[in-house]
Amino acid sequence: MAFFTFLSLGATTRCTLVCKLLHCTPVCNNGAVPTDSSRRRSTNETRDRILDVALQVLGDNPDAGMGDIASAAGVVRRTVYGHFPSRLDLIRTLTQRAVTEMTAVLTDVDAAQAEADATWAGFVARIWPVAHRYRVLLALRRGEYGEAIHGLLGPLDELLADLVKRGQDSDVFAQHLPAGTLSQLAYGAVFAIADSDLSNATNGARAATITSLLMLGVPETRAIALVGDQR
């Protein structure tokens with residue numbers, strides 16, 4: 001380690017160079033003076049806070065503007081626009097974050113290689129907090145941002161369609177509709193329930209799982225049994 005001092009705004013700043021191989025990072029006044037890494041961390045934290053607040057604000061009012069989001073996040077509009085140049089950019093980022101989370105859950109659940117209906121039930125149970133958090137996307141998808149949201153949801157839609165097709169091939173799911181259409185109807189039901197009065201109830205996830213399984217053609221007794229297995 002190496003030590004050095006320099007004057008800044010009339011005050012002496014003491015820094016320690018923490019070196020690893022050829023890279024050194026200054027730590028000044030025990031971290032009291034911001035470094036590039038701390039500034040990046042602060043910027044990322046502000047960005048994440050804006051996204052979290054945006055979900056809450058848009059969940060209450062899908063027509064809320066950037067000013068409403070800035071006010072709720074405790075920042076000025078310029079800060080929000082600094083991270084997201086337009087409302088579309090904000091919506092796209094929220095959608096991409098949702099897709100990343102949901103795709104990770106589905107991939108993890110599907111890795112167990114269980115029956116398709118059991119995999120679907122496990123997916124909905126695990127995805128319920130995410131579906132409730134991102135339920136506003138259902139309303140936004142029906143509006144002017146529908147095309148952008150639909151495009152970003154493509155990878156998740158394909159995974160869901162593949163799962164339903166696997167269920168159809170094994171006679172677990174109904175075959176009266178193409179797998180892509182059937183999966184969208186069933187998954188749409190999950191988001192619809194997340195956006196209803198049941199969303200804050202204990203039975204919300206149970207209702208979403210059973211309803212979506214019924215829409216996939218799973219007998220009621222089997223759907224209820226699958227939900228029971230998750231307790």
Side-chain angles (χ1 to χ4, degrees), residues 37 39-111 119-120 122-164 179-181 183-195 199 204-205 208 212:
S37 60
R39 290 190 184 94
R40 284 195 298 271
R41 182 168 60 251
S42 177
T43 298
N44 290 336
E45 289 173 352
T46 299
R47 181 177 183 274
D48 289 341
R49 185 171 74 254
I50 290 172
L51 288 172
D52 290 338
V53 170
L55 277 177
Q56 297 175 5
V57 172
L58 292 170
D60 294 334
N61 177 19
D63 295 324
M66 300 289 266
D68 299 318
I69 294 170
S71 178
V75 298
V76 298
R77 286 168 57 97
R78 183 174 61 185
T79 299
V80 176
Y81 280 110
H83 291 280
F84 309 102
S86 69
R87 194 167 185 268
L88 175 59
D89 290 314
L90 176 64
I91 300 301
R92 287 177 61 88
T93 303
L94 287 175
T95 303
Q96 187 58 64
R97 192 165 75 164
V99 169
T100 299
E101 292 183 34
M102 291 186 286
T103 299
V105 171
L106 180 54
T107 300
D108 184 53
V109 172
D110 201 26
T119 299
W120 182 279
F123 170 65
V124 175
R126 290 265 305 274
I127 209 69
W128 179 251
V130 180
H132 181 246
R133 189 161 64 249
Y134 291 102
R135 64 192 185 281
V136 66
L137 295 179
L138 183 66
L140 293 173
R141 193 175 188 178
R142 293 193 293 260
E144 61 180 303
Y145 303 112
E147 184 175 350
I149 293 174
H150 179 74
L152 290 171
L153 288 173
L156 177 62
D157 290 343
E158 291 180 6
L159 288 175
L160 290 171
D162 289 343
L163 173 58
V164 171
T181 303
S183 65
Q184 289 302 300
L185 289 172
Y187 194 55
V190 174
F191 271 87
I193 293 174
D195 197 34
S199 62
S212 58

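Values reported hereafter were calculated over all heavy atoms of this structure, with side chains retained and with hydrogens, waters and symmetry mates removed.
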*Asks:* Could you name each residue pair satisfying side chain to side chain donor-acceptor pair (under 3.5 Å) that touches residues 84-94, not counting sequence neighbours?
*Replies:* Ser86-Asp89, Arg87-Tyr145
*Asks:* Mind checking what makes side-chain contact (heavy atoms from CB on, under 4.5 Å) contact with Thr79, not counting sequence neighbours?
*Replies:* Thr46, Ile50, Val75, Val76, His83
*Asks:* What side-chain donor-acceptor pairs closer than 3.5 Å can you find for residues 54-73, not counting sequence neighbours?
*Replies:*
unit_1 : atom_1 : unit_2 : atom_2 : d
Asn61  : OD1    : Asp63  : N      : 3.1
Asp68  : OD2    : Gly65  : N      : 2.9

*Asks:* Suppose the criterion is side chain to side chain donor-acceptor pair (under 3.5 Å): which pairs have a residue in residues 185-194, not counting sequence neighbours?
*Replies:* none
*Asks:* Looking at residues at least two apart in the chain, or sitting in another chain, which of them share a side-chain contact (heavy atoms from CB on, under 4.5 Å) with Leu159?
*Replies:* Thr103, Leu106, Thr107
*Asks:* With rounding to the nearest 0.5 Å, note down the distance linking CG in Asp110 to CG in Leu163.
*Replies:* 6.0 Å
*Asks:* Answer whether the closest heavy-atom distance between the side chains of Val99 and Gln96 falls below 4.5 Å.
*Replies:* yes
*Asks:* Can you give me the closest heavy-atom contact between Trp128 and Ala208, atom names plus distance?
*Replies:* CZ3-CB, 3.4 Å
*Asks:* According to salt bridge (Lys or Arg N to Asp or Glu O under 4.0 Å), does anything in residues 149-162 pair up with another residue at least two apart or in another chain? List the pairs.
*Replies:* Arg141-Asp157
*Asks:* Quick one: list whatever passes side-chain contact (heavy atoms from CB on, under 4.5 Å) with Ser183, sequence neighbours left out.
*Replies:* Leu160, Ala161, Val164
*Asks:* Which heavy atom of Val124 sits nearest a heavy atom of Ser212, and at what distance?
*Replies:* CG2-OG, 4.0 Å
*Asks:* I need the minimum non-hydrogen distance between Ala186 and Trp120, along with the two atoms involved.
*Replies:* CB-CZ2, 3.6 Å
*Asks:* Listed by chain and number, what are the side-chain hydrogen bond (donor to acceptor under 3.5 Å, both in side chains) partners of Asp48, not counting sequence neighbours?
*Replies:* none
*Asks:* Could you state the interatomic distance from CG (Leu88) to CD (Glu147), rounded to the nearest 0.5 Å?
*Replies:* 10.0 Å
*Asks:* So, using side-chain contact (heavy atoms from CB on, under 4.5 Å) as the criterion, who are the partners of Val130 when residues are at least two apart?
*Replies:* Glu101, Met102, Ile127, Arg133, Tyr134
